[in-house]
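Reminder, nothing fancy here: chain letters follow the sequence lines and each chain counts from 1.
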Amino acid sequence: MGETIARLSMRRPRWVFLAVLALVVGLGALIPRIAIDTDPENMLAADQADRVYDARTDARFDLYDTLVVGLVSDRDEVGIYTPEALADLHALTRRIQAIDGVVAEEVMSLATVDNVEQVAPGTISFDWLMDAPPQTADEAAALREAVERLPMFLGSLVSEDGRAAGIFVPIEDKNASHRIAAEIEAAVAELGIAESVHITGQPVAQDTFGVQMFEQMAISAPLAGLLIFAVMVYFFRSVPVVVAPMLLAMVTVIATMGLLIGLGYTVHIMSSMIPIFLMPIAVVDSVHVMSDFSERWRAGGDPREVMARVIQELHKPIIFTSLTTSVGFGSLLLSPIPPVQVFGAFVACGVLLAMVLTLTFLPAYVAALPGRTLDRMAERVHGASARGGEGGRLARLVAATGRLATRRGRALLALFLLLLGVAVYGITQIQINDNPTRWFKAGHEIRIADRVLNEHFAGTYEAYLVVEQRAGGDLAALLAERVEPLLAEARAAGVALGDDWASLLAQSRGEDIQATLDNLMFAIDDHLFEVGATEAEWWERLLTATEAVRSEALTFQQPEVLRYLADLQQYLEEGGYVGKANSLADLVRTVNRELVSGEAADFRIPDSAAGVAQTILSYQSSHRPGDLWHFVADDYRSANVWLQLPSGDNQDMQRVLDAVDAYVDATPLPAGLALEWAGSTYINLVWQGEMVTGMLLALLSAFAVVLVMMVALFRSLWLGILAMLPLTLTVSLIYGVMGLVGKDYDMPVAVLSALSLGLSVDFAIHFIQRLREAVAEAGGDWRDGMARVFAEPARAIVRNAIVIAIGFLPLLVAPLVPYVTVGIFLASIMAVSAVVTLLMLPAVVATWPDRFFAVPARPRPGAPTDTRKEV
Amino acid sequence: MPAFRPSFRCFFRHPRTVLAMALLGLAVTAGAAQAQSTDVDEIVARANQAAYYAGDDGRSEARMRIVDGSGREQVRQFTLLRRDVDDGRQRYLVAFSRPADVRGTVFLVHKNPGAADDRWLYLPGLDLVRRIAPGDKRTSFVGSHVFYEDVSGRHLEDDRHTLVETTDAHYVVKSEPKDPGSVEFAAFTTWIDRDTWLPVRSEYARADGRVYRRMEVLEVREIDGYPTGTRMRMEDLDSGGHTEIEFRFSAYDLGIPDAVFTERSLRNPPRQWLERQ
């Protein structure tokens with residue numbers, strides 16, 4: 001089939017070229033519609049439960065994506081508390097508030113928040129903490145004293161060591177954070193701020209990643225292409241010939257990206273790597289074809305005829321390696337992570353496109369070249385071999401490898417077994433961890449800002465522990481339950497209130513039950529003045545009942561509930577699980593202290609719900625009453641504990657989760673309360689978790705599918721299993737080494753697991769298929785066949801490994817860690833799987849030849865010895 | 001010089017003002033022929049009188065609905081008592097009755113034009129009487145979009161006033177703070193009704209001229225002969241939130257004694273005056 005297609009393509013090269021051109025122009029025209037998406041939240045589907053809850057939490061508590069700007073002073077003693085530094089902080093805060101896209105009234109810094117303070121015995125003051133910067137050192141010191149009394153701000157707005165001051169910058173759209181960060185930097189430069197200023201926060205990291213990712217796409221992919229081109233020119237000694245696979249790779253990349261963008265998918269961190277993946281993979285098959293072609297070409301030959309023979313020999317491995325690679329990438333569809341699914345699906349498409357092009361475009365192109373060009377190429381390649389150049393050295397090395405593997409089979413197998421043992425041990429040592437900030441290299445300014453600010457502050461990573469009242473939520477039913485007996489009693493006493501009650505209730509219908517109750521109370525209150533004394537008595541009782549329903553439901557005004565939160569926070573802070581925890585309990589305790597005495601002893605929750613309510617009412621008499629709603633929902637039935645973490649590592653987030661679980665197990669939540677998690681640090685943990693299980697599933701299914709394909713291809717269970725051996729060892733080894741060297745199993749690594757399988761089986765397919773053909777040609781003698789395989793076919797494998805490994809090398813210098821990881825990982829897969837394939841397969845065949853090849857070579861009836869011309 | 005300050009309390013009008021105006025020979029009966037004035041100080045003074053000084057004393061019940069930018073709604077209900085002393089000095093007592101958990105919370109103001117106001121707060125749940133330091137009065141009044149300063153009125157002498165325009169219905173006055181560092185606005189513009197002298201709209205603007213806060217009187221009724229704003233709305237254009245207040249059961253010249261407005265009565269609320277008659 002492959003041969004037919006190739007012959008057809010060579011007869012109608014113009015049609016092929018036109019079709020390819022149409023493909024490139026048509027799909028390439030869609031590329032300018034590109035939309036970048038760097039939001040790790042999109043690692044979860046839009047309807048994923050945790051993500052939905054997180055969005056609800058943001059809405060319920062008015063939470064925004066936040067940048068953290070830190071001013072760090074190098075003055076040891078006074079730190080940030082000097083008139084100059086505070087003036088800088090003040091000026092920068094005002095400038096930031098004026099930036100478009102910043103939620104100005106929610107910006108938090110010393111210059112925007114209130115202080116509640118008992119300024120003299122019995123006199124309290126609600127005032128700006130720093131409306132204007134202090135003019136003298138004494139005033140600055142007084143400010144320090146005030147700040148250090150405010151647990152809500154200490155560690156957040158100013159570091160406990162006094163060296164750093166923070167500005168929390170909530171932004172409307174996280175996709176604007178890179179621009180806003182740049183505007184802040186410009187403001188810093190313009191103001192001539194003396195302190196060192198750092199900008200961090202997950203939105204900046206993500207958005208900056210997006211910008212740099214885009215740059216990487218523009219640098220890495222072409223660079224990879226250039227290197228691959230150079231290596232191939234070295235191997236094949238002919239620029240015109242080597243242009244073919246390069247064109248093929250470019251067509252594949254442009255068409256795939258155009259299709260992806262044209263279908264409306266955003267280019268995520270994952271899909272930005274598609275060109276990098278496709279570029280080397282697309283040329284793999286071409287290398288085999290050209291390797292074979294250059295060996296077969298003799299001056300004066302008919303390029304069409306030679307190419308037809310090459311394709312006839314290679315079409316099967318080409319199709320199967322492409323299919324297995326597609327399966328490897330396609331298995332990513334089984335992961336629950338949408339960007340990974342998109343990545344997998346489109347790389348799989350690209351691989352198949354490359355396969356079609358290898359069977360059509362490549363033959364058409366090569367056959368269309370003038371005979372002289374091909375002569376020169378063959379001359380140089382053969383000449384180089386003859387002179388003992390690359391070709392000769394490579395040939396001798398490969399042949400020696402084959403002899404070694406065949407002779408020392410058992411020893412090699414023992415060695416492989418040992419390696420597998422080490423790899424399995426290494427795998428057990430793998431740490432599952434990720435942190436989008438670490439996607440930047442250690443020296444990147446974002447990493448530096450992250451390090452410096454988290455050294456000084458309680459933490460720039462946020463997670464939200466949401467505590468919800470789940471019991472007694474049906475206030476309407478509760479109201480009915482309380483009111484019915486009263487109405488019945490009144491009826492018995494000869495007072496009919498039912499109709500009036502029903503109509504008051506109907507006219508009070510509000511947006512939610514709380515609003516309804518508020519309206520109802522007002523309505524009854526008004527009604528009281530329209531009725532006579534007897535009825536009024538009953539209405540008073542109904543009003544009392546309604547008020548009771550309204551205020552009993554206010555869970556987070558109950559002192560014991562707030563005390564529970566306070567204790568939980570203390571446990572988390574003292575245990576070092578979080579840098580700091582802030583909640584309604586801190587707000588109430590601080591205001592209570594200042595209302596009562598200003599002394600530390602009164603930093604406590606009031607004893608009654610009314611006391612709590614009035615403390616909150618006092619707090620609302622500030623410049624920023626709305627800050628209350630960051631900590632409690634307006635129905636007082638859910639509260640938000642804001643946790644500041646000094647690290648965004650998933651493992652650290654997991655420790656917080658475990659600590660909270662342990663605490664709640666030991667000290668049960670007050671009745672009816674339940675815990676939920678939200679916040680970007682938590683969301684990262686969630687998708688990481690889904691990634692691990694999702695990828696394991698993808699890996700196992702890819703393994704199963706590839707095994708089935710191998711058995712089908714070779715029509716032999718044993719050959720199928722044989723084909724799986726090198727990749728099993730390769731993948732195990734790579735993950736084992738990762739575990740041993742302590743590289744975290746993170747997003748890029750997880751994604752690579754399944755697709756590495758599809759790639760590393762390629763060499764085994766080529767090897768086994770060519771071995772079978774060679775053994776058949778050698779009349780069934782597997783030793784002879786083996787020797788033949790260790791000529792051109794093995795050289796093609798090695799060339800391929802080198803081409804791909806080198807193709808991924810530019811990724812190593814990328815400033816973004818996931819790219820480096822992918823580069824190292826894929827280069828290692830290529831190198832290791834080539835070596836393992838060339839050593840392990842001969843060793844296994846030499847050890848159990850009967851399993852794979854009947855000796856002597858008389859084909860048994862029905863035995864799958866000759867599949868060359870089939871499929 | 002006396003100056004004017006708009007407020008949400010628009011329901012008192014001082015009879016002495018009426019007398020004074022009558023003596024000046026101006027047509028002043030409420031709702032009568034339109035006033036003619038070009039002297040901005042006189043305009044703001046009369047508006048201030050109309051807004052804050054109707055009758056010798058007054059009583060009103062207020063219902064407040066606070067809606068923030070995210071649609072959260074809170075309600076407050078309180079009774080407001082006022083008594084004028086002399087030289088423009090006044091006493092205000094605000095006693096909360098709803099929500100139930102803040103019932104009995106009382107806020108007392110002794111307004112002293114030309115000097116700092118005295119303010120107290122009583123929190124029954126903590127059994128605490130606290131004096132409020134004479135600091136910034138432009139903080140939220142119990143979580144609403146109204147400021148403490150709006151309750152008893154901004155001192156006229158704190159701003160410089162200019163008559164910007166006289167329309168058929170309104171005097172439009174622009175006021176700029178004498179101490180810009182003490183307030184969050186750069187200027188505010190007030191529309192004063194030429195019939196009633198009530199400030200019916202005020203808009204607060206930042207230095208760039210952008211309006212971020214707006215007060216509007218939505219309904220005016222004549223009560224005991226005084227045009228009285230009975231519904232007003234304060235909008236925060238930054239956050240998109242607003243507070244609407246309805247004043248009900250307003251009455252004037254009730255003879256509320258001075259003793260009602262003392263620190264002592266905070267713990268023992270003067271029921272007689274707080275409850276509806």
Side-chain angles (χ1 to χ4, degrees), chain A residues 59-60 62 98 103-106 114 117-120 122-128 131-132 510-512 514-515 518-519 521-522 525-526 528-529 544 547-548 550-551 554 557 592 595-596 606-626 628-629 633-634, chain B residues 61 63 65-77 96-105 107 119-145 147-148 181-184 206 208 212 236 238-239 241 246 248-249 276:
Chain A
R60 195 193 306 170
D62 280 350
V103 189
E105 70 271 17
E106 296 272 5
D114 261 22
E117 201 180 1
Q118 189 153 129
V119 284
T123 302
I124 58 160
S125 155
F126 299 93
D127 212 340
W128 295 111
D131 194 22
E511 282 216 347
D512 52 30
Q514 275 81 19
D518 285 337
N519 295 338
M521 285 186 270
F522 284 159
D525 194 42
D526 291 348
L528 272 170
F529 287 85
T544 310
E547 279 190 339
R550 177 74 175 95
S551 49
L554 303 172
Q557 286 188 3
N592 183 70
L595 284 171
V596 177
D607 294 319
S608 68
V612 172
Q614 290 158 32
T615 309
I616 292 173
L617 188 77
S618 304
Y619 174 80
Q620 288 184 300
S621 299
S622 65
H623 287 103
R624 299 175 60 121
L628 176 66
W629 308 124
D634 59 338
Chain B
E61 290 183 24
R63 269 182 192 170
R65 270 178 212 279
I66 308 165
V67 180
D68 76 3
S70 308
R72 292 187 190 87
E73 199 176 306
Q74 304 173 79
V75 297
R76 310 267 187 259
Q77 180 169 302
F96 287 85
S97 51
R98 271 202 183 86
D101 44 36
V102 301
R103 185 167 296 152
T105 299
F107 174 58
R119 298 185 291 167
W120 294 265
L121 181 69
Y122 173 61
L123 301 171
L126 303 172
D127 193 27
L128 280 179
V129 172
R130 285 296 173 249
R131 217 186 151 89
I132 302 174
D136 194 346
K137 284 171 291 182
R138 299 188 67 76
T139 62
S140 164
F141 176 66
V142 296
S144 71
H145 300 93
F147 292 156
Y148 268 95
S182 67
V183 290
E184 84 286 359
R206 295 217 172 83
D208 59 7
Y212 65 92
D236 175 351
D238 282 338
S239 70
E246 201 184 344
R248 308 153 74 240
F249 308 104
R276 226 168 284 166

**Message:** Regarding R550(A) and D101(B), does a basic nitrogen lie under 4.0 Å from an acidic carboxylate oxygen?
**Reply:**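 Salt bridge: no.
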**Item:** D518(A) bridged to R65(B) by N-O distance under 4.0 Å
**Value:**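 Salt bridge absent between D518(A) and R65(B).
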**Item:** Test salt bridge (Lys or Arg N to Asp or Glu O under 4.0 Å) applied to E547(A) - qualifying residues, sequence neighbours left out
**Value:**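 With neighbours one apart ignored, the set is R98(B), R103(B).
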**Item:** Leading residue by heavy atom contact count with chain B [cutoff under 4.5 Å; candidates D62(A), D607(A), V596(A)]
**Value:** D62(A)
**Prompt:** In terms of heavy-atom pairs under 4.5 Å, which option from A609(A), S622(A), S551(A), G510(A) contacts chain B the most?
**Reply:** S622(A)
**Message:** I'd like to know if the side chain of Q74(B) pairs up with that of Q620(A) as donor and acceptor (distance under 3.5 Å, no hydrogens or angles considered).
**Reply:**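 Q74(B) vs Q620(A): donor-acceptor pair found between side chains.
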Name the option with the most non-hydrogen atom pairs under 4.5 Å to chain A; the candidates are [options].
{"options": "V129(B), T139(B), I132(B)", "answer": "T139(B)"}
{"options": "L128(B), D127(B), D208(B), L123(B)", "answer": "L123(B)"}
{"options": "A133(B), S140(B), G143(B), S182(B)", "answer": "S140(B)"}

Is any side-chain heavy atom of [Y] closer than 4.5 Å to one of [X]?
{"X": "L617(A)", "Y": "R76(B)", "result": "yes"}
{"X": "S621(A)", "Y": "F141(B)", "result": "no"}
{"X": "Q118(A)", "Y": "R130(B)", "result": "yes"}

What part of [X] is in contact with chain A, defined as an atom under 4.5 angstrom from a non-hydrogen atom: side chain, backbone, both or neither?
{"X": "L126(B)", "answer": "both"}
{"X": "S239(B)", "answer": "both"}
{"X": "P124(B)", "answer": "both"}
{"X": "D238(B)", "answer": "both"}

**Asked** Going through the checks in order, is the side-chain contact (heavy atoms from CB on, under 4.5 Å) test met by M521(A) and V75(B)?
**Response** CA-CA 11 Å; M521(A) 285 186 270; V75(B) 297; over 6 Å; no
Quick one: what part of [X] sits under 4.5 Å from any heavy atom of chain B, side chain, backbone, both or neither?
{"X": "W629(A)", "value": "both"}
{"X": "E106(A)", "value": "neither"}
{"X": "I616(A)", "value": "neither"}
{"X": "A59(A)", "value": "backbone"}
{"X": "Y619(A)", "value": "neither"}

Atom [atom1] in [X], atom [atom2] in [Y]: separation rounded to 0.5 Å?
{"X": "E105(A)", "Y": "Y212(B)", "atom1": "CD", "atom2": "OH", "answer": "12.5 Å"}
{"X": "I124(A)", "Y": "W120(B)", "atom1": "CD1", "atom2": "CH2", "answer": "13.5 Å"}
{"X": "W128(A)", "Y": "E184(B)", "atom1": "CH2", "atom2": "CD", "answer": "8.0 Å"}

**Request:** Determine, step by step, whether D525(A) and R63(B) satisfy the salt bridge (charged side-chain N to carboxylate O under 4.0 Å, His left out) criterion, reporting the C-alpha distance in whole Å, the side-chain angles of both residues, the deciding distance to 0.1 Å, and the verdict.
**Result:** CA-CA 12 Å; D525(A) 194 42; R63(B) 269 182 192 170; 3.4 Å; yes
